[in-house]
Amino acid sequence: MLTALLNQQVITTIHYSREELRRLRREGVSFVCPHCSSILTMRIGSRNTPHFAHISHSDCELVRGETPQHLLSKQLLYGRVSSLYESVSLEHYIKEIKQVADIFVKTDTADIAIEIQCSTIPISEVVRRSNGYHREGITPFWILTQSLKSKKLLNLTTFQQAFIRYSPSLDYFLLQFLPDRGIFHLYTRLLPVSSTAFMSAAPIIIPVAEFTLPPVIPNVPILPPYSLSKWNDFRTKWIYNKIHYNKARTDVFLREVYGEGDTFLYLPLFIGLPVIPHGIHIRNHEVEWQYYLWKDCLKKDSLFSLESVSNALNRRLTKGHIEFRSFPLQKSDKVIKKIAGGYLSVLEEVHVLRKINDTFQLTEPWSCPDHFSAFEQHKHDFFPKWKHILKKL
Ligand SMILES: [Zn+2]
C-alpha cells in the first residue's frame with residue numbers, strides 16, 4: 001500500500017523522495033493502517049516503489065494483491081490521473097460497501113473507481129466489486145495488468161477474457177497496462193479461433209502520459225486482421241484436434257454429428273463461419289454452435305425465422321451444450337438474437353439462404369459431403385463466395 005496514517009494525517013509514499021522517507025523512518029515515527037489501525041512498516045528498496053506493509057498476517061482489505069507490479073501501476077496511473085483531475089485519491093476506502101478503490105477520481109460528472117488487477121481472482125469477485133460500486137453510483141474502471149501470451153494469436157485465460165469490452169469502433173477489445181514500460185496495449189477487433197486463442201489487429205500503443213478517462217483512442221487506422229486462408233486453417237486445425245483428442249463415443253457434439261449421419265471431417269464450409277462481432281460471446285467453436293443450429297432448425301424446416309433460430313440457440317445454451325464467455329465489464333443486450341441474426345446474414349451473403357420478407361429459406365437442400373472428392377468439389381464451389389464476404393468484413 002502507498003498510503004498510511006502518521007499522526008492521524010494521510011501520508012503517501014509517492015509524494016516523498018527515498019531520502020525523505022528514510023529520514024522519517026529513522027525518526028522512529030509509527031505508521032498506522034487507515035483501515036484496520038494496525039502498525040505498518042515502511043519498505044524502501046532501491047527498485048520497488050516505496051510502500052507500507054502490515055507487519056503480521058492480516059485480513060485487512062488493503063493487503064490483497066500488493067505486488068511490485070501493482071504498486072508501480074498505482075504510482076504511474078495516480079500520477080497521470082491526478083494531472084487531469086483535482087480530486088484524486090489513492091487507496092480510497094468506501095465505507096458503505098467496505099471496498100478500497102486503488103484510485104478514486106471525482107470528476108464534474110462522475111465518481112470513478114480505478115481497480116488495477118494484476119493477480120487472477122475469481123470472476124465472481126470482479127462482479128461483486130463492480131456491483132458494489134454501481135450500488136453507490138460509482139463507475140468502476142478495471143485495468144488488467146497481467147502479461148499476455150501473444151505471438152501470431154493472442155492467447156487469453158478465462159480471467160483475462162473477462163476484461164474484454166465492446167465499442168462500435170473497436171469491436172470487442174482488450175486494454176492491457178504494462179507498468180514496466182509505462183504504456184497500454186489496446187487489442188482491437190478480437191476474433192476467437194478457439195476457446196482461448198484470438199486473432200487481433202496489432203495492439204495500439206497508448207503511453208500512460210496520454211491516458212484519459214475514458215481512454216481516447218489515437219487516430220490510427222485499425223486494419224481487420226482477418227483473412228480467408230488464416231480463418232480456414234484455424235477451422236481445419238480445430239476439426240483435426242477434435243478428432244484427435246476426443247473419443248467420438250463420449251464427445252456430446254461428435255455423437256450428435258454421427259447420429260445424424262453427417263461426416264464431421266467434411267462438414268460444409270458454411271458451418272463454422274466467423275460471426276463478427278458478437279459471435280465472440282460463445283466459447284464453443286463456430287463449427288459446434290452453427291452445426292447445432294443446422295441440426296435443430298435450418299436443415300429441418302423449409303422456412304424459418306430469426307426467432308426460431310434464436311430459440312434453437314437458446315435451448316442449446318440452457319442444455320449446456322453451448323456456453324457463453326463471461327464478460328462482466330460489458331453490458332450485453334439481446335446477445336442471442338444478435339448472434340443468430342449475424343449468422344443468418346452471413347449465410348445470406350454466401351447464398352446458402354435467401355430472405356423472403358421476415359423468413360429465410362435454403363437455396364439448396366442440405367447435403368453433407370460424405371467422401372473426400374465430394375468435399376473437394378464443395379470447397380471448390382464455396383471458396384469464391386466466401387472470399388467475397390470476408391473481403392467485406
Ligand atoms: Zn490494514
Side-chain angles (χ1 to χ4, degrees), residues 1-18 20-82 87-106 111-146 159 177 179:
M1 50 205 282
L2 301 174
T3 52
L5 291 178
L6 173 60
N7 303 326
Q8 276 147 45
Q9 298 290 311
V10 175
I11 169 168
T12 302
T13 53
I14 58 179
H15 292 151
Y16 296 86
S17 69
R18 282 189 161 71
E20 286 169 326
L21 291 173
R22 285 199 188 97
R23 201 176 309 133
L24 266 177
R25 194 166 59 178
R26 277 199 299 273
E27 286 169 12
V29 296
S30 45
F31 302 105
V32 174
C33 176
H35 304 283
C36 68
S37 302
S38 58
I39 298 290
L40 304 172
T41 59
M42 185 160 45
R43 294 191 176 152
I44 316 164
S46 53
R47 294 179 60 196
N48 290 351
T49 311
H51 61 278
F52 299 103
H54 288 73
I55 294 170
S56 52
H57 175 76
S58 161
D59 55 5
C60 175
E61 177 75 5
L62 271 185
V63 173
R64 65 178 166 85
E66 287 276 277
T67 59
Q69 289 269 311
H70 193 216
L71 292 166
L72 178 60
S73 302
K74 266 200 264 199
Q75 181 185 6
L76 292 174
L77 290 165
Y78 174 81
R80 171 59 183 166
V81 176
S82 57
S87 173
V88 181
S89 43
L90 263 173
E91 295 161 358
H92 181 87
Y93 185 62
I94 299 147
K95 237 192 354 244
E96 293 76 8
I97 49 173
K98 298 196 175 72
Q99 284 175 220
V100 180
D102 286 319
I103 300 170
F104 186 76
V105 191
K106 255 184 176 333
D111 288 356
I112 302 167
I114 298 181
E115 285 270 352
I116 299 163
Q117 201 56 48
C118 301
S119 56
T120 296
I121 56 172
I123 293 175
S124 57
E125 181 61 13
V126 176
V127 175
R128 188 189 67 80
R129 282 197 231 159
S130 297
N131 288 345
Y133 289 129
H134 285 303
R135 268 203 307 281
E136 292 304 307
I138 299 165
T139 309
F141 189 87
W142 289 82
I143 295 178
L144 179 67
T145 312
Q146 290 189 346
F159 177 72
F177 186 50

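Just so you know, ligand 1 is whichever comes first in the structure, and atom 1 is the first atom listed for that ligand. Not measured: the values here are computed from a predicted model.
Ring planes of Phe31 and Phe52: tilted class, angle from 30 to 60°.
When all heavy atoms of Arg25 and Met42 are compared, the pair lying nearest together is NH1-O, 2.9 Å.
With the Zn ion (ligand 1) as the vertex, atom SG of Cys36 and atom SG of Cys33 span an angle of 110° (nearest 10 degrees).
By the neighbour-count criterion of 12 heavy atoms within 6.0 Å, atom CD of Gln8 is sparsely surrounded, having that number or fewer from other residues, nucleotides or ligands.
For His54, the N, O or S atom closest to the Zn ion (ligand 1) goes by the atom name NE2.
Because the distance cut-off is set at 2.8 Å, Cys60 qualifies as a neighbour of the Zn ion (ligand 1) through one of its N, O or S atoms.
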Checklist entry - salt bridge (Lys or Arg N to Asp or Glu O under 4.0 Å) between Lys74 and Glu91: does it pass, once the steps are laid out? => result CA-CA 9 Å; Lys74 266 200 264 199; Glu91 295 161 358; 2.6 Å; yes

